[in-house]
Amino acid sequence: MESSNYEFAAVLLFAHCVVLLGFFVLSSSSAFAAISRLGGRELPPFLAWSLSLVIGPVLMCWTLIHALYFAPGMDPRVYLGLLLAVFGLPGLALIWPFVKVPFVGLIGLYRDLAPTPLRLTLCVGLAIGVATTLGHLIVHQLFIPLWSNDPLEYAHVSRVMADLASVRDYPFTEPSLTGGLQAAWTHPLGYPGFLILGYFVQGSTEMAGCIRMVTPWLLFANACVLGAVAGYRRPAAGVAAALLLVTTPYVFHLAAQSHIDILRLAALSACFTSIWLLARVPGIGMAVVAGLATAAVHFTHSIGLITLPLMIPLYLLISRASWQVTWRNIVIVATISIAAVALRIGINIAEFGSILKDGPTVWSYEHLRVNEHREVVRLLYTTYDKVFRGVFAGWTQQVLFGWSYWVGTIGLLWAIWRYRSSLRTPMALVNERFWRDSDPIFAAVILCGGYFAFVGLTIAAGSDLVIKNPRYLLTIHPFVILVTARLLTMPLESSGGLTIAPRATTAGPQDSERADAAGSVS
Amino acid sequence: MSEPTQTPGTSDADGPTSSVDDRIIRVPAGAAGQPSATEHPSTGAQKASLNERAADAIDEMVVQAGALQSRVRFNASYWICLVILVALSASGWFNAAVVTGSEFRIFRITGSTILDPEPQKMTARNTQMIQLIEAISREQEEGEYTLAFRQAELSFYGDLPFIYSISESIAEIYEIDTPAALFEELQRRNIRYFALPSYPRAELENSQFEPLLGNPDYVQLLYELDDYRLFELRDAPESFERVTLIREDFERDPDLLSNWALSMRPIGLLATLQAILSGERATFTTDRERGYVETRRDRSYRARPGIVDILQRGELAPGVSPFAIQQSDFDASRGTLQLVADIEGDGYFEVLMTAYDRSGSQISLEPQVLWNGVLFSGERRTIHAQFTDLSQRVLPSALGDQDRLYRIFFQIRDGGYLRLYNWEINHFPEVAPTSSLFTDAYLAPLNNGWSHAGDELTGRELYFTTVADDPDLSDNFTPVRFRRYDSRPISVRSPAFSAPMQLYSTDFLETSTRLSSTIRPAVHARTRLAGTGVVNVTAIVRCSTLLSDQVESADANRNIEDGTMRIPLGTILLDDADRDTAFTFDVPCLPQLINFEYTAVRNTLLVRRDNTLSDIQVLDLDASLRLLDISGRVDEAPFTITTQQINEYRERTSPVH
């Protein structure tokens with residue numbers, strides 16, 4: 001009898017996973033409808049689609065958290081009903097355009113690639129890689145219990161809030177509610193929102209169950225966003241970027257352990273993508289979308305607040321619109337994204353007297369020497385290690401980050417060498433503002449540069465806050481991947497492994513074509 | 001991808017891709033079109049023979065192919081990029097597969113346990129904190145608290161009230177400056193238990209918790225697994241008798257310094273290579289004036305975790321086993337011991353103990369960590385550690401106490417220095433060395449899942465997947481469902497079983513050796529059957545690890561297949577009477593699951609008058625797994641599963657037409 005109970009429980013678990021993913025799909029579908037209307041006709045559909053995979057679920061969780069704050073203590077089904085009413089029904093009504101986009105995209109892609117079977121094979125092969133890696137992840141999530149430190153803490157905090165059907169007690173400065181768990185955090189409730197939704201769906205907080213499906217969805221969404229932006233006009237680059245992202249050892253590892261960082265990466269990728277789109281499509285609607293994407297980053301993690309200082313300079317550099325429009329867009333993005341976490345900022349100021357809090361009081365006792373202790377234990381005590389194992393972890397810790405950083409760097413150097421003739425007139429380049437080029441690689445390089453400058457400043461200021469955990473260095477990982485993938489697939493896109501040169505004897509149309517080709521390459 | 005509906009033609013102006021594509025497509029088309037126009041005009045005026053035309057055609061093809069070949073260029077950058085891309089993603093892909101696979105192995109998930117709920121899987125994995133939770137839940141009473149220096153598992157998998165060490169509510173406790181005052185405060189707050197992870201915690205080692213937890217007068221060590229520890233606060237501070245087993249104070253007696261030596265322990269292949277290639281040695285000095293022994297290696301520009309300098313008594317070269325010198329630091333009988341040492345240093349530091357026998361083989365499976373933490377330059381401090389000899393629990397009694405040798409190491413990770421001024425080991429004869437909790441808890445992972453014996457037994461611990469369990473088949477076993485050649489076996493399954501993590505090593509052979517030097521599992525089963533027919537009883541053992549010395553001796557008829565072996569126990573003839581049968585068999589591996597399978601044998605000669613082929617009832621099954629230690633003595637506590645349930649298994653059929 002018992003065995004059949006376990007089997008039943010397992011079937012139920014699978015069903016819960018499907019329902020939770022259903023919620024994500026429906027919220028994405030409704031978000032897609034909104035985004036494609038806001039972005040207007042100029043917004044490429046697949047980009048809008050992939051953005052909605054991140055923005056939709058985050059918006060839904062934002063709604064859930066605010067419902068749990070302003071109307072706490074009701075039956076979980078009431079909240080699920082609310083989400084279904086706000087996101088589910090519109091999502092269901094508008095599901096067809098949402099479902100259609102990837103298929104239309106795939107058919108279009110196939111038509112584009114069909115004449116060059118080598119490229120088609122390459123794309124299909126890489127896509128199979130992405131799919132099987134995500135398959136591994138899903139199998140892992142279904143059958144391996146939750147065991148890592150931070151995910152367990154998040155899961156427990158979310159469990160307490162789901163049991164109370166209220167987020168009013170968060171931050172939990174009084175551990176009696178949590179059974180002792182210390183959770184006086186300043187983090188907004190983005191990730192707990194996902195977990196609470198999962199608990200509500202399965203109607204029980206006893207086990208982690210279907211909340212393990214959150215990171216596979218987010219990793220999938222992140223791969224789509226990154227694929228869409230890296231694959232801009234170059235499909236193979238997009239698939240390669242998606243594959244490099246999901247197969248990064250540390251990313252897979254964190255996703256498998258249900259770490260919050262996967263949400264952070266997905267939201268930041270969506271934010272970057274929407275800012276990059278905003279530079280090309282500078283309408284108010286697109287600014288709202290970018291604002292929502294930035295809000296998603298803010299809503300995910302306390303450290304998300306550094307997004308605006310990173311993204312505003314990036315936007316100022318790459319924006320092609322007039323300065324009035326540019327600043328109008330910045331105001332819109334900043335307003336929406338800060339308004340989204342206004343509640344949390346208010347609570348933090350009321351509770352802790354500041355927006356961010358560094359750590360518990362115990363860490364501030366000098367005689368305990370918590371910070372020095374951590375530096376020694378984590379092998380970050382020499383300056384060399386702070387710089388090379390810390391800041392440049394992507395280049396020195398291949399076990400975690402893979403070789404993308406090296407390939408990307410070498411690729412960049414190669415590209416600079418390849419186009420060195422243009423660099424001989426740097427002033428001309430500056431006058432042309434080459435970084436406004438539509439290729440996202442420029443924006444990604446600028447963002448990485450800005451991030452490393454920021455990390456360098458924090459180290460110079462004597463803080464190891466940003467490097468104390470290699471997870472924090474994953475922040476720019478998607479953009480390094482973007483650069484790597486686009487550079488690495490450049491030769492793969494242009495031709496096959498064997499090129500057939502045109503006949504020298506035949507004059508006429510081919511020559512002019514070659515000239516065209518040469519012109520458009522340079 | 002972004003604008004998928006675009007046709008190649010419309011995107012010409014935008015990027016290089018489409019125009020390059022066109023070039024590729026058009027060029028061969030042109031090349032193919034030309035010759036047919038020039039060489040083979042179908043004028044019909046000149047009638048060449050068929051052979052000539054064929055020869056011409058072949059010639060022309062050769063010419064064309066040659067021309068094409070001269071124009072085909074090998075695109076090196078294409079292949080380089082392709083190889084890099086495939087290598088990058090393939091390594092990550094395999095990593096993902098390996099991660100998933102190894103998690104399945106770590107959690108010991110098999111086909112039969114894959115659907116188990118998460119808590120069961122966590123128990124099977126034998127995580128240290130999960131075992132601590134188990135131990136705490138047996139001890140902690142209403143109103144008492146555990147102070148946890150790691151909170152994640154306690155909060156998610158436990159439901160006992162606890163206090164996290166960095167919680168705001170106890171922040172002021174770290175300002176207390178004597179262990180006695182801390183004891184009072186903990187008593188007042190009713191904090192009774194202390195759960196410590198294996199990794200160092202600053203708030204533990206730099207506060208009064210360090211002397212408190214290191215002193216058996218204040219706290220009792222209850223449980224330890226893989227350096228995760230559980231302590232209990234005493235009701236009142238005691239002053240137990242302490243017998244000093246060893247004391248070396250170099251300030252008082254500098255002659256003792258000559259006993260001491262330095263060795264280096266490179267951990268891992270890379271560190272070993274580094275150590276050999278660089279030829280680098282830490283400096284070793286003894287200072288008779290100020291009375292200390294010191295090792296010093298300047299902090300390199302880069303932290304190298306693999307290189308460890310060890311201070312210990314006796315001369316040892318790098319890489320030489322400390323067991324070779326046959327010199328015991330002290331004579332530890334069973335009991336609670338305490339280490340007190342005065343040190344100064346800089347860097348990550350550990351004190352380890354290892355136990356070995358006179359033949360030089362290690363008894364404790366890993367060196368036991370007595371103290372670990374971080375030392376800060378220029379600060380002399382005293383460290384305290386409370387411990388018991390864990391090797392006595394893994395290998396209970398094969399050796400006499402006098403054959404057990406103990407060795408203490410003081411080791412510092414690369415960089416910095418370490419000075420030892422004095423050290424002592426105290427024995428507390430009055431402190432009950434092994435509360436039953438300790439032994440039980442230590443053995444708990446060993447008999448994991450098997451310990452819930454007797455009446456408490458629910459379906460989870462032992463259940464029967466019988467035909468009778470299937471409501472469709474129980475009463476009206478229709479001839480349609482009857483399987484003619486093969487009877488449906490009754491299967492009785494044990495819960496998941498796993499050994500302590502200490503027994504496992506990253507090296508398979510090492511694990512195998514450890515296991516076989518530690519335990520020799522045997523199963524004793526007794527079953528009572530009733531009914532009529534012929535029954536085959538088979539034990540199906542799913543192995544987690546083979547024992548090295550028993551691999552070869554496995555009988556030929558024990559069919560080992562992907563870690564599962566079928567051990568036929570016997571054939572029982574039943575003739576309308578109860579029958580008790582007992583079986584004892586060795587299990588040549590560390591079992592993970594043991595199934596008992598009862599199979600009714602189809603023998604048409606034995607068909608009864610009412611056409612029942614067989615009618616078998618399994619009335620009872622007692623099975624116990626016994627872990628014999630290496631001396632062959634049966635362990636005191638066999639792990640028994642018993643069932644009182646009476647399970648009926650009936651198969652009725654009419655003759656097949």
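Hydrogens, waters and symmetry mates are skipped; everything else that's a heavy atom, side chains included, is used. In what follows, chains are A, B, ... by sequence order, proteins preceding strands, each numbered from 1. Not measured: the values here are computed from a predicted model.
Heavy atoms of Glu210(B) lying under 4.5 Å from chain A are absent altogether. Heavy-atom distances place the side chain of Phe376(B), and not its backbone, under 4.5 Å from chain A. Proximity to chain A (any heavy atom under 4.5 Å) is restricted, for Ser165(B), to the backbone atoms N, CA, C and O. Only the side chain of Arg159(A) comes within less than 4.5 Å of a heavy atom of chain B; its backbone N, CA, C and O stay farther away. Neither the backbone nor the side chain of Leu375(B) comes within contact range of chain A; no heavy atoms are under 4.5 Å apart.
Ranked by heavy-atom pairs under 4.5 Å with chain B, the list Phe388(A), Tyr384(A), Trp403(A) is led by Tyr384(A). No other option in Ile163(B), Ile80(B), Ile166(B) has as many heavy-atom pairs under 4.5 Å with chain A as Ile166(B). Per-residue counts of heavy-atom pairs under 4.5 Å with chain B were compared for Val377(A), Leu126(A), Val362(A), Leu380(A); the largest is that of Val362(A). Ranked by heavy-atom pairs shorter than 4.5 Å toward chain A, the options Ala152(B), Ser155(B), Gly92(B) are led by Ser155(B). In terms of heavy-atom pairs under 4.5 angstrom with chain A, the leader among Pro200(B), Pro161(B), Ser169(B), Gly416(B) is Pro200(B). Options Ala485(A), Gly179(A), Ser364(A) differ in how many heavy-atom pairs under 4.5 Å they form with chain B, and the most are formed by Gly179(A). For the set Leu13(A), Leu487(A), Leu146(A), Asp385(A), the count of heavy-atom pairs under 4.5 angstrom toward chain B peaks at Asp385(A). Ranked by heavy-atom pairs shorter than 4.5 Å toward chain B, the options Leu368(A), Val139(A), Leu122(A), Val130(A) are led by Leu368(A).
Counting only residues at least two apart or in different chains, side-chain hydrogen bond (donor to acceptor under 3.5 Å, both in side chains) contacts with residues 83-96 of chain B comprise Thr132(A)-Trp93(B).
Ring geometry for His367(A) against Tyr365(A) counts as tilted: the plane angle lies between 30° and 60°, on a 0 to 90° scale.
For Tyr174(B), the ring-ring contact (aromatic ring centres under 6.0 Å, His included) test picks out Phe209(B), with sequence neighbours left out.
Taking CZ of Arg212(A) as the reference point, atom CD of Glu118(B) lies at 7.0 Å (rounded to 0.5 Å). Summarising the geometry, atom CG belonging to Leu277(A) is positioned 9.0 Å from atom OH belonging to Tyr232(A); distances are rounded to the nearest 0.5 Å.
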